[in-house]
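Below is one structure, written out as structure tokens; the observations come after it.
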Amino acid sequence: MPSVSSAVSPGSDQTQPVAGDLARPAVSPRDARPAGAYFLEAVPETLSLSFRGCAREYFRIWIVNLCLTVFTLGIFSAWAKVRKKRYFYASTILDGTPFRYLARPVPILKGRLVAVALSGLFWFTTKFMDAWMPALIAVTAILAPWIVSRSVAFNARYSEFRGMAFQFDAGYLATARELYWGLLLPGVLTGTLFQWWQQPALGAAAIALFGMLLPVWLARMKRFTAGHLLFGGQRANCAIQGRELWGIYMGGGLLMVPASIVMVFAGIVAVQFLGMPTEGVVIAGPVGAGIAYLGVFAFIRARSQNAVWNGTRLGPLRFKLSLQAREMAKLYLTNTLAILATLGLATPWAAIRTFRYRIERTQIEAVGDLDEFRRPVSAENVRAAGAETSEMFDLDLSL
Amino acid sequence: MTGRYFDGNAIAAIDATLMLSADALELVSAQGATRHARHAVLVSPRVGASERFLVFPDGGQFQCPDTLLLDGLPQEVAGENVVSWLEARWPVALLALVITVVVIALGYRVGLPRLAESLAPRVPIEAEHRIGVNALAWLDENGVFRPSSAAPETQVHIRERLGQLVNGRPVARHIHVEFREMGDVANALALPGGTIVVTDGMIRAAESYEELMAVLAHEVGHVERRHALRLLIEGSAVTLAIAAVIGDAGATTVGTTLIPTILLQAGYRRELETEADAFAFDLLSKNRLSPALFADLMDRIDPGTGATHSLSQFLSTHPGTAERVHAARQAARP
């Protein structure tokens, strides 16, 4: 397979061929072009992307880590998370090189302890001291942008490809603005409508309005996250628009009704067939609705992820994602059944096959020179921070 | 070793060969050869069968297939070798599987209930009061309960008899009876904080005050044994544990966590109901009342079909009525 460095316009005067590969010339190939020549600039070259993880290997990793986590009452879970992520990263191979996950478990452990403490506080307050709820909600609202931005930054910084790490450069205020601005107005509107009129109809209308604005806000969050992600000095860019997601969510919502009816009906018929009419209906109803929900969920997920990734660029890279709703629905359904039937043991298998499907359906194209990725001068060398001085706020709270 | 080299400043890959000697590493490629001190390089951890990286101090990396030779060099991640060793072997994995299943099963059956049982008494009943008040208000406001139409004298009498029943017990000052109408349904429930609600249907179904006392004794059991709180603790722990185990599988978690949670919680509730039954039989006996009263009333309310092993058993929150009646009659024998 051609190496990355050969993704250049034809005819450029290259260098000493070595072992079938082209070494990096001191001068960019673009400048080496003969003047006046016309070249088809954007000949997109597809980079090979594959996933070589397998369920047998991962099951061993998963079960050993689970056992150790249970024994250490959860402390080991930070190490488990790192090891599992390492496996997924290392099994994803782009242009012949695996990705690397460099995070250390201790910051993750700190993050988890903080999360446990916060959740415990939340739980305790909601159950026993609900007078404190407003204060708690306010505190959570203030903390949320910090948690979100630190988590994304953490994962970005410790994801590496060929010696270059990702970066996330959004600060607290920027994150807060994106999180709340889009939701604040509809949220306040919904809340006040509820309070003042106390009528179900208006309340339902308010919720519907909120639901319609949600995809717009989601698109905004995607653009924000992508827009602050950097790799090799290049900023990512996502062009997803609210109306694209809106269409998908609306479609999914409308699909929910007929889907539920069909599935519940099918469930009732199946139950009659199996000879458990009265009891079976109690189960058939929710199960049927659950299956319909999974199907609609798969539809929304597949379409919206396709839309988001198809509109994403990173430097000279273009992404194409072609998840199919039908395949996803089958995947989710079989995963759920397998996990329930095996009392959870099929979880690693389900995780692997879901991820593998995603990767198989992803295409990365290089439109232009991959030399555009350069280590930024100001970035700290990830390895030089070998002391992994887990800075006090270097937390990963994405559980 | 042959592999590819990246200098860390650009994405390009260069084919290169690495030569190991006793004190140094020499990297040979089209661009020439460079030497690195052996102790200055770090090797990425082994992850399954994937290729590994040698990381040089200048930021460059050398990617090559995994070999045992690499283990002799300084490692990026120290100390996780034991886990890698364990992960690589099927016998270990199967052993881990067995251990995990056993520990979790024991935790569910024994560990968690004991923990909840020992924690609950440390929380004063006053703390639950708010929850109970809110719960009753909710039930009243949303039409589940309507004001009772039981005669005031009946209500007074029931309260008096119950007072005698729990006389002297520390929980007595928290117990408070409320009467509601719930259509034709005969029910009694204990709310957190000590409030016990009795429906008109239950009063009508009982043929004597003693039978009512039998049912109320069961509810007192819920209050005194802090079942609401214990269920809360157990339920939260179960949810947490399920999320921890299944959390990997991504988008399927909604469905996959809901069903086990419901089933496992129902299991806990059935156990607590049985405990409340046993408490009731004991309390009745102490007051020289027969547990058969309980059996008679339950039989009348829910004349069981005798089918105790149906599908809904697993979903139901109470043990089968036939079982409970049987247990009551057993306890009634002198």
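Everything numeric here is computed off the predicted structure, so don't read it as measured data. Chain letters run A, B, ... following the sequence lines, proteins first and then strands; every chain starts at 1.
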On a heavy-atom basis, the closest approach of A:Arg100 and B:Phe53 is CD-CD1, 3.4 Å
Given that the side chain runs from C-beta out, which part of A:Arg52 has a heavy atom under 4.5 Å from chain B: side chain, backbone, both or neither?
-> side chain
Chain B contact via A:Phe59 - side chain, backbone, both or neither, heavy atoms under 4.5 Å = side chain
Between CG of A:Asp95 and CD1 of B:Ile11, what distance do you get to the nearest 0.5 Å?
-> 9.0 Å
Student check: side-chain heavy atoms of A:Arg86 and B:Arg46 closer than 4.5 Å = no
To the nearest 0.5 angstrom, please state how far the CG atom of B:Leu97 sits from the CG atom of A:Leu66.
-> 9.0 Å
Return yes when atom CZ of B:Arg114 has more than 12 non-hydrogen atoms of other residues, nucleotides or ligands closer than 6.0 Å, and no otherwise.
-> no
Can you tell which part of B:Ala49 gets under 4.5 Å to a heavy atom of chain A, answering side chain, backbone, both or neither?
-> both
Chain B heavy atoms under 4.5 Å from A:Leu343: which part of the residue, side chain, backbone, both or neither?
-> neither
Max heavy-atom pair count under 4.5 Å with chain A, selected residue of B:Val92, B:Val103, B:Val77 = B:Val77
Part of A:Phe355 lying under 4.5 Å from any heavy atom of chain B | neither
Specify the closest pair of heavy atoms between B:Ala96 and A:Val64, including all atoms of both residues, with the distance to one decimal.
-> CB-CA, 4.1 Å
Among B:Leu94, B:Val47, B:Ile242, B:Leu95, single out the residue with the greatest number of heavy-atom pairs under 4.5 Å to chain A.
-> B:Val47
Region of A:Thr97 that comes under 4.5 Å of a non-hydrogen atom in chain B | both
Nearest 0.5 Å, what's the CH2-CD distance between A:Trp62 and B:Glu87?
-> 13.0 Å
Minimal heavy-atom distance between A:Arg375 and B:Gly59, with the atoms involved, is NH2-O, 3.9 Å
Can you check side-chain contact (heavy atoms from CB on, under 4.5 Å) on B:Trp90 and A:Arg56, steps first, answer last?
-> CA-CA 9 Å; B:Trp90 269 110; A:Arg56 297 163 68 91; 4.0 Å; yes
Non-hydrogen atoms of B:Ala93 and A:Arg60 that approach each other most closely = CB-CG, 3.8 Å
Apply side-chain contact (heavy atoms from CB on, under 4.5 Å) to A:Phe71 and B:Thr100, showing your working.
-> CA-CA 9 Å; A:Phe71 260 95; B:Thr100 310; over 6 Å; no
Over all heavy atoms of both residues, which pair between B:Ala12 and A:Arg162 is shortest? Give the atoms and the distance, please.
-> C-NH1, 4.5 Å
Which portion of A:Trp349 sits near chain B, non-hydrogen atoms under 4.5 angstrom | neither
For A:Val287, check side-chain contact (heavy atoms from CB on, under 4.5 Å) against everything at least two apart and list the hits.
-> A:Ile283, A:Ile291
Region of A:Leu68 in contact with chain B, defined by heavy-atom distances below 4.5 Å | side chain
Decide yes or no for B:Pro45 and A:Arg83: does some side-chain heavy atom of the first lie under 4.5 Å from some side-chain heavy atom of the second?
-> no
Can you say whether B:Arg89 sits under 4.5 Å from chain A via the side chain, the backbone, both, or neither, judging by heavy atoms?
-> backbone
Count the heavy atoms belonging to other residues, nucleotides or ligands that lie under 6.0 Å from NE2 of B:His36, then report whether that count exceeds 12.
-> yes
Examine whether an atom of B:Leu86 lies under 4.5 Å from a heavy atom of chain A, and if so say whether it belongs to the side chain, the backbone or both; otherwise answer neither.
-> both
Would you check if A:Phe76 and B:Val83 make a side-chain contact, meaning some heavy-atom pair closer than 4.5 Å?
-> yes
To the nearest 0.5 angstrom, please state how far the OG atom of B:Ser50 sits from the CD1 atom of A:Ile93.
-> 7.0 Å
Sequence-distant partners of B:Ser236, side chain to side chain donor-acceptor pair (under 3.5 Å), two or more places apart = A:Trp123
Please report the shortest heavy-atom distance between B:Gln61 and A:Gly163, naming the atom on each side.
-> NE2-CA, 3.5 Å
